[in-house]
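Before any comments, here is the structure.
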Amino acid sequence: MNGWRRTHTCGELGAEEVGQSVVLMGWVDVVRDLGGITFLELRDRMGVTQILISPSSGADVKNTAKRVGSEWVVAVKGEVLRRAEDNVNKSVATGEIEVRADGIEVLSEAKTPPFELNEGVKVSEDLRLRYRYLDLRRAPMRRNLEKRSKLGFAAREYLVGQGFNEIETPFLTKSTPEGARDYLVPSRVHKGSFYALPQSPQIFKQLLMIAGMERYFQIVRCFRDEDLRADRQPEFTQIDIEMSFIEPRDIYSLVEGLFVHMLRAIDIDVSAPFPKLRYDEAIDRYGSDKPDLRFGCEISDLGGVVRGSGYGIFESVLEGGGVVRAIVAKGCAGYSRKDLDNLEVSAKALGAKGLGWARWTDSELKSPLARHLGDDRMKQAFETAGGGVGDLLLIVAGERSRTSSVLGGLRIELAKREGWIREGEWKFVWVTEFPLLEYSESDGRWYSMHHPFTSPHPEDMDLIDTDPGAVRSLAYDVVANGYELGGGSIRIHNSGVQEKIFKALGLSDEEAKEKFGFFLEALQYGTPPHGGIALGFDRIAMLAVGGTSLRDVIAFPKTTSALDMMTGSPSDVTSAQLDELGIALKKV
RNA sequence: GGGGUCGUAGUUCAGUUGGUUAGAACGCCGGCCUGUCACGCCGGAGGUCGCGAGUUCGAGUCUCGUCGGCCCCGCCA
């Protein structure tokens with residue numbers, strides 16, 4: 001570097017430094033060659049500074065400046081000059097000054113990049129991912145990663161301040177039967193055996209409680225081999241927390257404090273405590289276990305209104321134990337036939353058999369259902385659901401949970417379509433009292449809704465044998481703006497109860513012993529009551545930067561088909577590598 | 001596993017009912033230019049229309065298959 005040392009960054013020079021001799025290093029953002037005079041914009045992570053190559057600059061400087069192009073890395077030595085008043089650029093932090101180059105050194109030449117790096121230039125997602133290191137030079141991505149870093153630092157700062165120890169747990173661990181599909185790692189030493197990458201450090205953090213650590217946390221990578229979404233990557237980061245001698249409310253206040261502290265670090269204010277909704281309430285009112293509370297449009301039950309109407313479809317649904325429910329779309333009475341058809345298509349895609357509607361315009365109430373229900377009953381239904389003149393009523397009938405999720409889905413769709421969601425707003429909510437178990441028709445058995453170590457609600461302990469579906473758990477999710485940001489529970493700390501749960505899940509004693517024997521044994525050595533939570537750090541960061549995809553906050557993410565466009569993984573390995581692992585590939 | 005949508009110059013896109021030589025902007029290259037900051041002006045190069053079959057006298061355009069991006073359902077204890 002010519003013996004030069006960088007004296008300043010490209011974001012800090014101003015009127016105060018005028019007259020100083022400085023050395024800047026960075027990437028050439030733009031070259032503006034006006035003939036006798038040339039301007040370079042030099043960029044580093046802190047900002048951009050204009051470099052002046054004037055007629056009085058030496059021949060060396062001028063010749064070098066002629067050669068350089070976009071994204072070359074250069075060092076510039078020169079004097080900070082105050083710009084004439086008409087030349088000040090108010091839109092740039094360093095716009096009051098420029099640096100007259102007395103020396104310029106090319107540190108690295110650069111090929112013309114495959115896309116322009118200016119903010120605001122649209123580039124396809126796959127190109128950005130293939131050249132991620134260039135994409136990350138762009139200001140929005142850099143800002144996002146900086147914010148993510150601050151959030152992580154604030155989380156550690158807060159938790160350590162609360163007396164937590166950050167403790168690492170293994171990545172090469174044991175495959176467990178319940179839950180998401182595992183990523184497997186073959187063992188070379190023990191051919192035919194596999195490690196699994198952790199879906200979460202669940203068992204280890206409970207063992208740390210048994211070990212007496214009392215307050216553990218870890219910002220840790222987790223792996224799940226399931227299909228991806230905008231908010232789901234195969235590897236993702238959790239803020240994993242576990243505490244001993246606590247109740248759910250201790251977790252609530254800890255996590256509320258954590259969110260307030262983290263978000264304050266990037267100048268976002270949120271208020272705590274967060275409201276709470278029981279699971280069944282969330283489903284009935286919002287049709288989701290991760291309700292978006294930034295807008296209303298709650299679900300209403302019309303069973304009382306339509307019962308006895310004589311309308312065959314509704315009557316038979318009600319007789320069969322189903323429900324007739326509705327949402328009111330405020331101000332949407334003007335929807336066209338086509339709009340309504342589109343909504344019906346959505347409803348069917350969400351699992352509805354059909355979609356009933358009624359539009360209450362100034363003059364009249366229009367609905368294909370009026371013929372069956374009568375105008376009075378129709379109007380009553382409208383009012384029961386909280387609607388009136390100018391509104392649209394959407395009715396779904398069927399099995400309870402299906403109907404809820406359909407209306408919940410329509411609710412979200414309407415909110416997006418009608419712009420009911422105010423950007424920048426944060427609506428947190430705790431969803432509590434999740435069911436302990438859910439039944440799988442296809443497998444003919446019960447599964448844990450959270451995980452098999454979740455404590456049943458003490459009041460429901462006796463129902464485990466008689467009515468497993470009615471057992472509530474001490475599990476909770478923290479939800480913001482319709483995203484599940486975390487979930488946790490109070491754990492079972494009694495090996496008898498744990499065995500009972502394994503039995504309810506259809507695990508034989510032998511299976512339980514084979515898969516979790518070490519853990520069942522550990523529970524017998526003096527286990528403190530304990531519980532915890534795992535927060536989705538990527539999702540928190542995504543919401544905090546105003547993003548819509550985890551790719552916005554992950555430096556090197558995977559595509560929706562779990563490919564890494566940059567490295568080309570996953571990829572073939574040599575037959576020698578396979579031999580060493582004792583693995584033979586099947587033809588697929 | 002399923003549904004939707006996209007794939008044309010380095011990039012972002014346009015391309016009519018299937019019809020002559022596939023266009024624009026930005027970028028890139030060359031020239032001119034002493035106050036630009038989206039610099040300006042003049043000129044130029046640049047295309048396996050993702051890939052493979054098929055229909056047709058003729059395919060960027062139609063059909064089938066396939067690969068890939070994005071969004072969604074299933075799945076994600």
Side-chain angles (χ1 to χ4, degrees), chain A residues 29-41 48-57 62 66 69-71 81 83-92 94-95 98 100 111-131 134 176-182 198-200 202-203 222-234 236 345-346 348-351 405-406 409 412-413 416 434-438 440 442 446-454 473 475 484 487-489 501 505 534 536 548-549 551 558-563 565 568:
Chain A
D29 212 41
V30 190
V31 182
R32 283 187 292 274
D33 182 356
L34 273 59
I37 185 173
T38 297
F39 297 102
L40 297 184
E41 282 189 15
V48 175
T49 298
Q50 176 163 287
I51 309 299
L52 169 68
I53 289 104
S54 72
S56 64
S57 300
K62 279 193 265 193
K66 274 272 183 281
S70 283
E71 301 307 314
L81 307 180
R83 295 198 205 177
E85 208 151 306
D86 346 344
N87 291 332
V88 168
N89 184 346
K90 292 204 180 78
S91 61
V92 180
T94 58
E98 61 198 353
R100 190 195 58 229
K111 290 170 69 175
T112 300
F115 52 86
E116 292 173 64
L117 303 186
N118 305 336
E119 186 166 358
V121 174
K122 280 200 298 179
V123 187
S124 70
E125 196 84 28
D126 52 338
L127 245 202
R128 290 177 56 195
L129 292 175
R130 195 173 339 263
Y131 296 95
L134 297 180
T176 53
E178 306 285 304
R181 201 174 287 118
D182 288 319
Q199 299 168 25
S200 85
Q202 185 59 38
I203 290 180
C222 301
F223 307 86
R224 292 178 191 173
D225 187 5
E226 298 291 347
D227 288 346
L228 310 185
R229 291 286 187 282
D231 63 349
R232 273 169 27 193
Q233 282 275 313
F236 60 98
V345 169
S346 303
K348 284 183 172 164
L350 290 162
S405 68
V406 171
I412 301 293
E413 190 171 320
K416 283 185 184 150
F434 276 80
L436 185 71
L437 303 165
E438 59 188 340
S440 162
S442 54
W446 294 92
Y447 280 95
S448 293
M449 198 150 173
H450 186 49
H451 56 56
F453 316 109
T454 303
S473 69
E484 181 195 329
S489 62
I501 296 299
L505 293 173
T548 52
S549 163
R551 291 186 301 277
K558 307 235 180 338
T559 67
T560 38
S561 63
L563 297 174
M565 300 293 280

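The figures here come from the full heavy-atom set of this structure, side chains too, leaving out hydrogens, waters and symmetry mates. Only a predicted model underlies this, so the values are computations on that prediction, with no experimental measurement involved. Order of the sequence lines sets the chain letters (A, B, ...), proteins ahead of strands, with each chain counted from 1.
For rC33(B), its base never sits under 3.5 Å from the side chain of Arg32(A) at any donor and acceptor pair. A donor N or O paired with an acceptor N or O is found under 3.5 Å between the base of rG74(B) and the side-chain atoms of Asp227(A). Contact annotation: side chain of Glu98(A) to base of rG35(B), donor-acceptor pair present below 3.5 Å. Counting atom types as modelled, Arg130(A) pairs no side-chain N or O with a base atom of rG69(B) as donor and acceptor under 3.5 Å. Under 3.5 Å, the side chain of Arg232(A) and the base of rC75(B) form at least one donor-acceptor pair of N or O atoms.
The side chain of Ser561(A) contributes an N or O atom lying less than 4.0 Å from OP1 or OP2 of rG69(B). Taking 4.0 angstrom as the limit, Arg551(A) places a side-chain polar atom (N or O) nearer than this to OP1 or OP2 of rC71(B). Here Arg229(A) does not reach the OP1 or OP2 of rC70(B): none of its side-chain N or O atoms lies under 4.0 Å away.
Within the 4.0 angstrom heavy-atom criterion, no nucleotide atom of any strand lies near Asn118(A).
A side-chain donor from one of Gln50(A) and Arg32(A) sits under 3.5 Å from a side-chain acceptor of the other.
Look at the C1' atom in both rC62(B) and rG27(B): the space between them is 35 Å, to the nearest Å. Rounded to a whole angstrom, the distance from the P atom of rG50(B) to that of rG15(B) is 15 Å.
A distance cut-off of 5.5 Å between ring centres, combined with a plane angle under 30°, leaves Phe115(A) outside any stacking arrangement with the base of rU11(B).
Between Asn89(A) and Ser124(A), the residue anchored closer to the 5' end of RNA chain B is Ser124(A), taking for each the nucleotide with the nearest heavy atom.
Side chain of Ser57(A) to main chain of Lys62(A): no donor-acceptor pair is present (N/O by atom type, distance under 3.5 Å, no hydrogens or angles). Arg181(A) places a side-chain N or O within donor-acceptor distance of the main-chain N or O of Asp225(A), the cut-off being under 3.5 Å.
Atom CG of Asp182(A) is separated from atom P of rC76(B) by 13 Å (rounded to the nearest Å). When the P atom of rG69(B) is taken as reference, atom OH of Tyr131(A) falls 16 Å away, rounded to whole Å. Following rounding to the nearest Å, Arg128(A) (CZ) and rU11(B) (P) show an atom-to-atom distance of 15 Å.
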Derivation and outcome, side chain to side chain contact (heavy atoms under 4.5 Å, CB included), residues Gln199(A) and Cys222(A): CA-CA 5 Å; Gln199(A) 299 168 25; Cys222(A) 301; 5.9 Å; no

